[in-house]
Amino acid sequence: MRKVLVSISVAAAVLFTALPASANVASLDQLLKQVKQDRISERKLNKEREQEFLDERADKLSLLKKAKRAQAAEEARQVKLQKQFNANELALVEKETELENAKGTLGEMFGVVRQAAGDTVGRISTSIVSAQYTGRGELLSRLAEAKELPTLKELEDLWFALQTEMTESGKVVKFNAEVVELEGGSTEQTVTRVGTFNLLGEDKYLLFGSDTATVQPLGRQPDGYIVGAVSTFNQATSGFEPLYIDPSQGLILGLQTAKATITERYHQGGLVGYIITGVLALGFLIAIERFITLGLIGAKIRRQLKNTDVPNEGNPLGRILKVYQENKASDTENLELKLDEAVLRETPRIERGVAIIKILAAIAPLLGLLGTVTGMIKTFESITLFGTGDPKVMAGSISMALVTTAQGLIAALPLILVHSLVAARSKSIVQVLDEQSAGIVAAHAEQEKA
């Protein structure tokens, strides 16, 4: 009731507000009539709203009943499925038992196949035959990790893989393969496979990388005479040709990449090794100069011996003969002294540098010993700092110790030989001068007696 009064009051206020000030209201009866009409309209509207609410409530109750029926049906289905699941579990256990009984000795075959595949996959995946026949390791890996009996096709593929490996191990074949170059990139080349031992390029040895399944050249090829046999072998069309093979299937050739070359060995000698090289070079330079000089002196002396009457001061013998020509009037004793003085004056020029070569030949092994001691000192320092757990830490110092010793001996041996040759050449020239001097003195003494 209160709401109705409020509504009438609001309507009246709106009516009075909406009417202009100049409007002429006939009477209060009209206002009352208007209010009654509004009240009837509001009641009608409220009844319509109430009816809509009742209709919606009925729909909601219908949906609730439907949902409860669906829930009951699902619960009944759950119970049915649970019973079926339990029955299936029992049936599965019975079937597994039946399967195990039916397999019999086939279970042993399953284990044998897995073991054979596991033992073979490593050998085949690293075999150079896989460079020609790719993808063989995938099948074996699958069989080695299988959880069920292999099929007949899988057993045949396993047999084919083993048979292929055995058959190809006795063949020398050529095939095209992509070779990854060390400088980068790859090229299509004709590769020769020698059984399961080696892969050969046109003029070099190749390696098969099992990790990347690629063919690539060795980081460092073997000695020249070994590599030279590769080209000869590839060019042969019939008959037999010798070839160096690696029975370890590339392991020994792979070690060539870690093997130091002669140049690397030389540089391991360090500063001491460079000094020894300088000593050797200096000794050879002196020896070459002496050989040339003594050769020219010897040639001049031989020409002078053919004409002793006309002394030539351009050679030692000519200068000695010149002294004789100048002192012919002297007695034998004075002439002998003059000639001995002339020979002694020529001897240092002839023997110059010979003693230096001898000294250098003695210094070289001493320098090698110095390098040995220096290397051992560094080795003991490495042991003190890092212990003996890693031999590679000490390898550099030990290499220096051994290399310098070898360098010293290598330098000393040729220097000793060269010294002997140069000394012999100089002594032969001095001997010629002594012989000629003694001959001159003897001839002069005979003349005096006559």
Side-chain angles (χ1 to χ4, degrees), residues 274-369 407-450:
Y274 301 147
I275 296 175
I276 293 175
T277 304
V279 169
L280 178 62
L282 179 60
F284 271 115
L285 289 176
I286 295 174
I288 292 171
E289 188 272 336
R290 285 290 84 198
F291 273 120
I292 296 174
T293 302
L294 294 177
L296 294 175
I297 292 175
K300 292 178 180 179
I301 289 177
R302 286 190 294 272
R303 287 195 297 268
Q304 185 66 62
L305 287 174
K306 295 178 181 180
N307 187 12
T308 57
D309 295 333
V310 182
N312 184 1
E313 295 185 2
N315 64 88
L317 181 58
R319 289 189 288 270
I320 291 175
L321 292 175
K322 183 69 174 179
V323 172
Y324 168 67
Q325 294 290 342
E326 294 174 353
N327 295 277
K328 280 186 176 181
S330 301
D331 56 18
T332 303
E333 184 176 355
N334 289 332
L335 179 61
E336 182 178 3
L337 293 175
K338 291 289 186 179
L339 293 176
D340 288 342
E341 180 185 1
V343 172
L344 292 175
R345 188 166 50 249
E346 297 295 335
T347 300
R349 300 176 183 176
I350 297 173
E351 295 182 348
R352 183 182 60 190
V354 177
I356 297 177
I357 299 176
K358 184 177 182 180
I359 293 173
L360 294 177
I363 289 176
L366 294 178
L367 287 172
L369 180 60
Q407 288 176 339
L409 296 176
I410 292 172
L413 293 175
L415 287 177
I416 292 174
L417 177 61
V418 169
H419 169 264
S420 300
L421 296 176
V422 174
R425 179 67 63 86
S426 63
K427 286 181 180 179
S428 64
I429 294 175
V430 174
Q431 184 177 0
V432 171
L433 298 180
D434 289 336
E435 288 176 355
Q436 293 298 319
S437 175
I440 291 172
V441 172
H444 188 73
E446 290 178 357
Q447 291 177 0
E448 283 186 349
K449 290 179 181 180

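Hydrogens, waters and symmetry mates play no part in the numbers below; they use all other heavy atoms, side chains included.
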What's the spacing between F284 CZ and L415 CG if we round to 0.5 Å?
6.0 Å
The side chain to side chain contact (heavy atoms under 4.5 Å, CB included) partners of K338 (sequence neighbours excluded) come to V323, N327, E341
Listed by chain and number, what are the side chain to side chain contact (heavy atoms under 4.5 Å, CB included) partners of A299, not counting sequence neighbours?
R302, R303
Applying side chain to side chain donor-acceptor pair (under 3.5 Å) to T332 and not counting sequence neighbours gives E448
What pairs meet the side-chain hydrogen bond (donor to acceptor under 3.5 Å, both in side chains) rule with one or both residues in residues 412-427, with sequence neighbours excluded?
none
Which residues pass the side chain to side chain contact (heavy atoms under 4.5 Å, CB included) test with L282, not counting sequence neighbours?
I286, L360
Does any pair with a residue in residues 349-363 pass side-chain hydrogen bond (donor to acceptor under 3.5 Å, both in side chains), and if so which ones, sequence neighbours excluded?
none
Strictly by side-chain hydrogen bond (donor to acceptor under 3.5 Å, both in side chains), give each pair with a member in residues 281-290 just once, sequence neighbours left out.
E289-T293
List in chain and number order the residues that pass side chain to side chain donor-acceptor pair (under 3.5 Å) with Q304, two or more places apart in sequence or in another chain; answer none if no residue qualifies.
N315
Side chain to side chain donor-acceptor pair (under 3.5 Å) against D434, all qualifying residues, sequence neighbours excluded:
none
According to the salt bridge (charged side-chain N to carboxylate O under 4.0 Å, His left out) rule, which pairs have a member within residues 308-325, sequence neighbours left out?
R319-E346
If you define the side chain from C-beta out and look only at heavy atoms, does anything of I350 sit under 4.5 Å from L433?
yes
For S437, which residues count as a side chain to side chain contact (heavy atoms under 4.5 Å, CB included) partner, sequence neighbours excluded?
L339, D340, V343
Sequence neighbours excluded, which residues qualify as side chain to side chain donor-acceptor pair (under 3.5 Å) partners of T277?
Y266
Beyond-backbone contact of L280 with I276, side-chain heavy atoms, under 4.5 angstrom
no
Side-chain heavy atoms of V441 within contact of Y324, under 4.5 Å
no
